[in-house]
Each structure stands twice: as structure tokens, then as C-alpha cells.
Protein chains: 2
Amino acid sequence: MPLTARVCLSLKSTPSVPDAKQNLTAEAWARAALDAMASGGLEAVAVEPLARRLGVTKGSFYWHFANREALLRAALALWERRETEEVLARIGDEADPYARIVKVFKEANAGYRSGRLYLAIAAAEDHPLVNEFVRRVSERRMAYLVECYEALGFEPTRAQHWARFAYATFMGNLQIRRDTPELMPGGPQFNEYLKLMIKTLIPREGADRGAEESHPHVVPMRQSGGGA
Amino acid sequence: MPLTARVCLSLKSTPSVPDAKQNLTAEAWARAALDAMASGGLEAVAVEPLARRLGVTKGSFYWHFANREALLRAALALWERRETEEVLARIGDEADPYARIVKVFKEANAGYRSGRLYLAIAAAEDHPLVNEFVRRVSERRMAYLVECYEALGFEPTRAQHWARFAYATFMGNLQIRRDTPELMPGGPQFNEYLKLMIKTLIPREGADRGAEESHPHVVPMRQSGGGA
DNA sequence: CCTTGCCCATACGCAGGCGTACGGGTAGAG
DNA sequence: CTCTACCCGTACGCCTGCGTATGGGCAAGG
């Protein structure tokens with residue numbers, strides 16, 4: 001009954017066209033698991049519902065994975081890979097630390113889908129495996145922000161404070177957008193809100209006032225051992 | 001076998017002493033449900049595990065509640081009551097809006113238990129019943145903050161922006177403390193962090209600079225015709 | 001003592017998810 | 001054509017949680 005157009009694609013390239021009913025890959029299961037997670041949390045990553053959604057049965061699943069935890073591990077690994085790759089791909093080539101933080105901000109407030117997924121995964125921090133991945137991703141994000149603030153001329157401690165402050169604001173905005181979207185404005189109001197946060201969370205050392213529209217490049221301070 | 005010390009306490013007073021094995025009340029079930037929720041999320045609110053934890057069987061539960069959803073409703077109602085009561089009790093008598101926001105901040109960053117519970121409940125926004133309660137609580141909190149910022153002299157739109165900003169920071173700090181507690185400093189470092197957020201999130205209209213240690217009371221502006 | 005009402009234990013059927021055993025079908029190699 | 005490896009369907013047992021039916025213990029009231 002199945003079409004059986006044997007392709008057997010490796011893990012490095014996404015099929016891009018699911019082609020109705022090809023043979024499933026482990027990554028297809030992992031992607032479906034992430035989708036389910038974004039929708040219904042960790043508990044939604046169940047073998048039989050996923051199999052139904054993919055149009056197959058458990059027989060397929062237990063061929064690719066040893067058990068449910070293996071699927072979770074694969075899904076979380078895929079998520080971690082996406083996070084780091086996307087972040088590095090979109091804002092990694094930006095030299096100016098100010099513009100980097102701004103980009104992070106706009107990405108964080110624009111990509112609702114990835115934010116929702118993050119909240120869903122983070123909500124299951126009880127699970128030790130999940131906790132491990134969440135820790136790595138969060139610490140990496142924070143470290144990136146700390147670097148940005150240090151490149152702006154802040155000493156390490158204050159850079160950590162500002163980075164934590166900014167990261168907390170990202171996360172909180174995600175929560176607000178998910179739980180009470182009517183409290184998050186749209187259109188020009190949102191742009192005002194965004195500008196307020198950016199202006200507030202990226203202060204210039206010593207002087208807070210001046211330059212509302214233009215964000216002049218700040219000369220990074222030498223910080224003892226390493227340059228920015 | 002049970003001690004059977006008939007007391008039959010009403011819903012308005014907590015027993016204060018569980019006394020080993022009294023007859024359970026509906027509120028005792030609701031409190032247990034909130035505890036389970038804070039630990040394991042919405043899925044942890046299961047009848048049989050809760051019964052085991054309370055030392056009884058399902059027979060007790062289905063005497064007090066019609067079904068699981070009724071327990072959820074009672075638990076969420078208890079949560080909402082606690083939230084509003086506690087907030088109003090602790091910072092309701094403060095006249096100065098600046099001090100009110102500061103108190104909100106310190107409470108939000110101090111009470112980790114209630115924050116964890118909030119995150120656990122908010123993580124189940126899929127559930128329509130949960131969503132309803134989360135919306136009410138969040139909107140009430142936001143409205144309170146908006147009032148504070150308006151009392152500080154901000155026009156409504158900017159007051160909403162600042163309130164949302166501050167609220168997002170609260171929520172984000174909760175997330176950070178839960179997911180990556182090692183990124184949240186303790187002791188004097190935390191006080192520095194707190195002071196930075198307070199100083200940044202409660203600006204004085206027009207002038208951002210000045211008064212690092214002393215926070216002078218700002219005269220609230222009349223906002224009939226629109227201030228700022 | 002007996003009745004009534006409150007609170008709970010026991011036992012059952014049902015549904016859904018996990019993991020396993022086993023068989024079948026297809027494609028490619030020979 | 002046959003054999004083999006790969007991928008998946010089917011069927012089963014197990015566990016856990018939901019909801020119900022039913023009975024029983026205990027205290028208060030008569």
C-alpha cells in the first residue's frame with residue numbers, strides 16, 4: 001500500500017518535500033516531536049500520537065529509536081543545533097556590539113514560534129535530560145549577551161548584570177506574548193515599546209542621554225587581556 | 001482505623017494544624033493540587049497520586065469533587081485568591097508609587113515559591129480553564145503596574161510600556177532563577193543587580209540622570225488633560 | 001439501640017500510552 | 001528467481017489514571 005520511493009536520506013539534509021509517504025527518518029521523528037512539544041509541552045511527545053500524526057504505527061518508531069527517551073534526546077539535540085546555528089547565522093557576522101544586541105532583541109521578539117518552543121521545553125526543567133539541554137542553551141545565550149556588553153565597554157560584573165537584565169526581558173516578553181497576547185501591542189505601538197526597551201537596555205557608559213534615533217557606534221574599551 | 005476527630009472546618013479558615021489524619025476538606029485537596037502543580041506541572045495534578053500523597057484513596061476525592069476539572073477549578077481559584085490577597089496585603093498600603101514598584105520588585109524576586117507556581121500554571125495555557133485564570137491574574141498585575149507608572153506622572157501609553165517592560169523583567173527573572181539558577185547571583189551581587197533594575201525601570205520623567213542612592217519621591221502629575 | 005448523614009475504602013470497567021514479539025512487504029544484490 | 005536487509009504493520013501484555021458502584025465505619029440525634 002505505501003508508495004515506497006526508497007530514498008534513505010541522510011541526517012544532514014532535510015527532505016524539503018515530505019513526498020506524501022516516504023520512509024521516515026529519525027530526524028523526521030525528532031522534528032515531529034519538537035512540533036508536538038511546542039503545541040502541548042513535553043507530555044505531548046508520545047509515541048502513539050506522533051505515529052498517528054505521521055501516518056505510521058509504533059513499528060516504525062521502535063525501528064529508529066530504542067525508546068521514548070531516545071526520541072527526546074534526539075529532539076532536544078536538534079533543538080540545540082537549530083538554536084546555535086540560527087543565532088550564529090543571523091547575527092554572527094555583525095561587528096558592532098550595539099547592533100548585535102538590537103538584532104538579538106528584534107529576533108527574540110519576532111520569532112514567536114521558537115520562543116514558544118523554548119518556553120515549552122523550559123517548562124519541563126524537572127526532567128534531568130531536558131534540564132541539561134536548557135542549561136546549555138541558556139548559558140550560551142547569556143554568554144553571548146555578556147560578550148556584547150563587555151564589547152560595549154562594561155566591566156565583567158556590570159556586563160553580566162546588564163546581560164541578565166536584557167535576557168530576562170526577552171523571556172518575559174515571550175511569556176506575555178504567549179499568556180496574555182492582548183497586553184502586547186502591535187504595529188506602531190510595538191515599535192515604540194521595542195525602541196524603549198532597546199534604548200533602556202543598551203546604555204552608553206556614563207552618559208544615558210542623547211542620540212535618540214541615531215545609535216552611534218561606541219568605541220569598545222580595551223579590557224586588559226583581550227580585545228573585543 | 002482513622003482517628004475521626006470530627007471538626008469539619010469551613011473553607012474560610014485554614015486548619016493550621018493538619019493533625020495527622022483529620023477528615024480532608026476540599027481546600028486541602030486544592031492546596032495539595034497547587035503543591036503538585038508547582039512541582040510537576042499541570043499533569044501532576046492527578047487524582048490517584050494526590051490521594052496517595054494525602055494518605056487516602058479516590059473514594060475521598062470523588063466525595064468532595066465531581067471530577068478532575070472541578071479540582072483544577074478549585075485549585076486555580078485558590079491560587080487567584082492568594083495572589084490578589086497577598087499582593088494587596090503586602091503593598092496595598094503604600095502611598096508612594098515609587099516605593100510600590102520597588103516593593104513589587106523585591107517581592108517578585110524574593111518569593112521563589114509563588115513564582116515557580118506561576119510559571120508552572122502559565123505553562124499550561126493550552127488548557128482553556130487555566131488560560132482564563134492566568135489571564136485574569138496577569139492582567140490584574142499589569143493593571144496595578146500601569147497604575148503605579150501613571151501615578152508617577154507617565155501618560156497612559158508610556159505607562160503601559162514601562163509596566164509591560166517591568167513585568168516582563170519580573171517574569172524573565174523567574175525563568176532564569178528556575179532554569180539556570182547559577183546565572184542568578186546571590187548576596188551583594190544580587191543587591192547590585194536589583195538596584196540596577198530598579199534604577200533603570202523606574203525612571204523620572206524627562207531626566208534619567210541624578211540621584212543614584214537617594215530616590216526622591218516624585219510628585220505625581222495631574223493626568224486629566226494628559227501630562228508628560 | 002437504631003437511624004441518618006458524612007466521609008472514605010474497595011473493586012471494577014474503561015481508555016490510552018509504553019514496550020515487545022512477530023510477521024509481512026519491498027527493493028536491491030547475486 | 002532467490003536471498004537478504006531494511007522498514008513497517010499487527011497484536012499482545014503491562015501499567016497508570018479516570019470515573020463509578022457499592023459498602024462500611026463513625027458520630028450525632030432521637
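All values below were derived from every heavy atom in this structure, side-chain atoms included, with hydrogens, water molecules and symmetry-related copies excluded. Note on naming: letters A, B, ... go to the chains in the order of the sequence lines (proteins, then strands), and numbering restarts at 1 for each one. Only a predicted model underlies this, so the values are computations on that prediction, with no experimental measurement involved.
Rounded to whole Å, atom C1' of D/dC18 lies 13 Å from atom CG of B/L71. Per the geometry, OH belonging to B/Y62 stands 18 Å off P belonging to C/dC12, to the nearest Å. If you take CZ of B/F65 and C1' of C/dC8, they are 15 Å apart, rounded to a whole angstrom. Rounded to whole angstrom, the span from the CZ atom of A/R68 across to the C1' atom of D/dT16 amounts to 14 Å. Put simply, CD on A/E69 is 16 Å from C1' on C/dG17, counting in whole angstrom units. The CG atom of B/L50 sits 14 Å away from the C1' atom of D/dT16 (whole-angstrom rounding).
Judged by distance alone, the side chains of A/N131 and A/R135 do bring a donor and an acceptor atom under 3.5 Å apart.
Salt-bridge annotation for B/R158 and A/E192: absent, with no side-chain N of the basic residue lying under 4.0 Å from a carboxylate O of the acidic one.
Listed nucleotides D/dC18, C/dC18, C/dA9 differ in distance to A/A46; the shortest reach to its side chain belongs to C/dC18. For A/L24, the listed nucleotide lying nearest its side chain is D/dC8; candidates were D/dC8, D/dC18, C/dC8.
The 5' end of DNA chain D is approached more closely, in terms of each residue's nearest nucleotide, by A/H64 than by the other of B/E48 and A/H64. Of the two residues contacting DNA chain C, namely A/P49 and A/G59, the nearest-nucleotide position lying further toward the 5' end is that of A/P49.
The side chain of A/R52 places an N or O atom within less than 4.0 Å of a non-bridging phosphate oxygen (OP1 or OP2) of C/dG17. The side chain of B/W63 contributes no N or O atom lying less than 4.0 Å from OP1 or OP2 of C/dC8.
Using a 4.0 Å heavy-atom criterion, one finds that B/F61 contacts no nucleic acid atom at all.
Among A/L34, A/L78, A/L54, the one residue that satisfies the side chain to side chain contact (heavy atoms under 4.5 Å, CB included) test with A/W29 is A/L54.
Judged by distance alone, with hydrogens and angles left aside, the side-chain atoms of B/T180 form no donor-acceptor pair with the main-chain N or O of B/L183 at under 3.5 Å.
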